[in-house]
Amino acid sequence: MSTSSGQTQFRYTQTPSKVLHLRNLPWECTEEELVEICKPFGKIVNTKCNVGANRNQAFVEFADLNQAISMVSYYASSSEPAQVRGKTVYIQYSNRHEIVNNRSMGDVAGNVLLVTIEGVEAGDVSIDVIHLVFSAFGFVHKIATFEKAAGFQALIQFTDAETASAARNALDGRSIPRYLLPEHVNACHLRISFSAHTDLNIKFQSHRSRDYTNPYLPVNASAIEGTLQPALGPDGQKKEHESNVLLASIENMQYAVTVDVLHTVFSAFGTVQKIAIFEKNGGMQALIQYPDINTAAVAKEALEGHCIYDGGYCKLHLSYSRHTDLNVKAHNDRSRDYTLPEASILAMQHMPGAASAATTSWQSPPMYGAMAQNPDRAQMPAWDPSMQAGRPAAYMPPGSTYPYAPPPYSGAPSNQAPMGAGPQRMPMYGNQPASPAGMPTTSPPGY
DNA sequence: AGCACA
């Protein structure tokens, strides 16, 4: 009722407790890692890991109050903070005095796991990949996959709860190895709990469900569809279907990426016909259409893993799209058809949808006007310095050394020019929100 | 970076 000072006063006070509250833990933090940093201070009687919406908090209960006090005092005066996987962990007394492990549904062990695969859509992770990953722990009887609000999910049936628990303990919070996934998938964390099911009812062998105990189960027609677009070939090699349309997923998107930005980047390899930018699973993706597969292949090869902006910002992951001709209906900063003549563009701008999209545009596209007036310019296959008018960026023309600085990550392609070789500064675009106030926006971040 | 579970 009353928001008396008595309540708020105690919210952040540090009444000692055997239970410690740890926060800012890495998402993947395991119970072992938690125990590792706590056990020097005393006997741990209980833990609760991966707590909270971000799964980055934990509770640790010591046998004795003094042990908890010793840990808190140690890190209160230590120059080295507590760390897990390089992340500073903040430790306080919990406002409760014991951990209650309410083993709710999802935590009561059973032989069927409910696996949520975060950061992917259904097509990204094949049932064969799931089978491969979980078979490491024992015979997988059945798999059923489905898409819900929570995302792409799978029910995985093992022989017994022991096997299922082993798989859960090993894989919960972990990622499926990158080489088993399409290239545009950045990360896909597995969130695993126990299902209440004990025996899945699989009716067909299909791309959505499998019964490995019954190879004679009828094959659903939709399974054929699944074999038409295999993420992996029979030998386990990546088998991508080439296309003139590239699917780009943009990782670490600190800065705005508009069609203009993408057009400039991808035009270095040939005529860009159409671009569509959209959001998928909280990340940004774009489809870039070239006239032919060869151009797309060159662009894909050259740009994969590279960043639009220096410093690891807007890292590109490219794969071939299933599309061959994009249906671009709006003309705004998220979608553009460069093959259209001016009249069509003007007509499009009066279409519903184009206007609303324009209001969300905080970055006016400088190339837009020039191209609308001269459709031939839109067909310009490659580099044209005049297209950069008003742009502070120093762009590398195609044919020069790599215009795009290699990403600083370990996953970077090894066959690319090393950082600092040649004039490798990333192209920059105006109006970068992260630029320090008052600073010219021509300097790349990190300068 | 700021408290779970019913």
Side-chain angles (χ1 to χ4, degrees), chain A residues 1-110 113-116 118 149-151 161 164-165 168-169 171-174 187 189-196 252 254 282 434:
Chain A
M1 273 268 177
S2 66
T3 55
S4 72
S5 60
Q7 288 174 345
T8 50
Q9 178 181 336
F10 284 102
R11 176 161 292 168
Y12 296 118
T13 51
Q14 312 247 325
T15 313
S17 162
K18 301 200 300 289
V19 181
L20 298 183
H21 175 223
L22 295 87
R23 53 185 199 274
N24 200 37
L25 290 158
W27 194 94
E28 311 88 341
C29 179
T30 63
E31 190 176 354
E32 291 72 42
E33 289 170 305
L34 189 64
V35 168
E36 203 59 39
I37 62 165
C38 297
K39 74 176 180 201
F41 300 95
K43 180 172 162 47
I44 296 149
V45 296
N46 206 350
T47 64
K48 192 178 267 260
C49 211
N50 305 113
V51 158
N54 296 327
R55 298 168 64 91
N56 56 5
Q57 300 173 43
F59 296 92
V60 172
E61 181 176 341
F62 283 99
D64 188 75
L65 178 63
N66 290 327
Q67 297 167 345
I69 293 174
S70 75
M71 180 160 184
V72 168
S73 342
Y74 175 83
Y75 284 112
S77 58
S78 167
S79 56
E80 293 292 316
Q83 285 191 331
V84 170
R85 302 192 189 202
K87 281 192 79 177
T88 296
V89 178
Y90 301 88
I91 304 168
Q92 283 183 315
Y93 298 112
S94 171
N95 53 22
R96 303 190 196 183
H97 287 82
E98 66 178 325
I99 292 177
V100 281
N101 279 88
N102 265 328
R103 294 203 156 262
S104 60
M105 340 161 290
D107 277 335
V108 47
L113 295 178
L114 172 63
V115 179
T116 305
E118 295 180 336
S165 298
R168 188 187 101 117
N169 291 336
L171 295 176
D172 191 21
R174 307 286 296 276
H189 293 289
L190 300 173
R191 251 193 49 212
I192 307 179
S193 58
F194 291 104
S195 165
N252 194 15
Q254 302 291 315

Measure the distance from [atom1] on [X] to [atom2] on [N] and round it to the nearest whole Å.
{"X": "A:L20", "N": "B:dA4", "atom1": "CG", "atom2": "C1'", "answer": "14 Å"}
{"X": "A:L22", "N": "B:dG2", "atom1": "CG", "atom2": "P", "answer": "13 Å"}
{"X": "A:E61", "N": "B:dC5", "atom1": "CD", "atom2": "C1'", "answer": "14 Å"}
{"X": "A:H97", "N": "B:dA4", "atom1": "NE2", "atom2": "P", "answer": "16 Å"}
{"X": "A:Q83", "N": "B:dA1", "atom1": "CD", "atom2": "C1'", "answer": "15 Å"}
{"X": "A:N56", "N": "B:dA1", "atom1": "CG", "atom2": "P", "answer": "9 Å"}
{"X": "A:L34", "N": "B:dA4", "atom1": "CG", "atom2": "P", "answer": "16 Å"}
{"X": "A:L25", "N": "B:dC3", "atom1": "CG", "atom2": "P", "answer": "13 Å"}

Original post:
To the side chain of A:Y90, which of B:dC3, B:dA4, B:dA1 is closest?
Top reply: B:dA1
Original post:
Which of these passes side chain to side chain donor-acceptor pair (under 3.5 Å) with A:H21: A:Q92, A:Q57, A:K48?
Top reply: A:Q57
Original post:
Using a cut-off of 4.0 Å on non-hydrogen atoms, how would the nucleic acid contact of A:E98 be classed: base, sugar-phosphate, or nothing?
Top reply: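 A:E98: base contact, heavy atoms under 4.0 Å.
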**OP:** Determine the contact category for A:V100: base if any of its heavy atoms lies under 4.0 Å from a base atom, sugar-phosphate if only primed atoms, P, OP1 or OP2 are that close, otherwise nothing.
**Re:**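 Base: the residue A:V100, judged by heavy atoms under 4.0 Å, touches a nucleobase.
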Original post:
A:F59 on top of B:dA4's base, within under 5.5 Å and under 30°?
Top reply: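 According to the criterion (under 5.5 Å, under 30°), yes, A:F59 stacks.
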**OP:** Have a look at A:L20 and tell me which of A:F62, A:F59, A:F41 forms a side chain to side chain contact (heavy atoms under 4.5 Å, CB included) with it.
**Re:** A:F62
Original post:
So, A:E33 and A:T30: side-chain donor and acceptor under 3.5 Å apart, yes or no?
Top reply: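 Their side chains do contain a donor-acceptor pair, which is all the 3.5 Å distance test asks for.
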Original post:
Want to settle it: does A:V19 or A:K87 sit nearer the 5' end of DNA chain B, counting the closest nucleotide to each?
Top reply: A:K87
Original post:
Does A:R96 place a side-chain N or O at less than 4.0 Å from the phosphate oxygens OP1/OP2 of B:dA4?
Top reply: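 It does, given that an N or O in the side chain of A:R96 lies less than 4.0 Å from OP1 or OP2 of B:dA4.
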Subject >> Considering all heavy atoms, the nearest A:I91-A:M71 contact >> reply: CD1-CE, 3.5 Å
Original post:
Do the side chain of A:Q92 and the base of B:dG2 come within less than 3.5 angstrom through a donor-acceptor pair of N or O atoms?
Top reply: yes
**OP:** State, with a plain yes or no, whether a side-chain heavy atom of A:T47 is found less than 4.5 Å away from one of A:C38.
**Re:** no
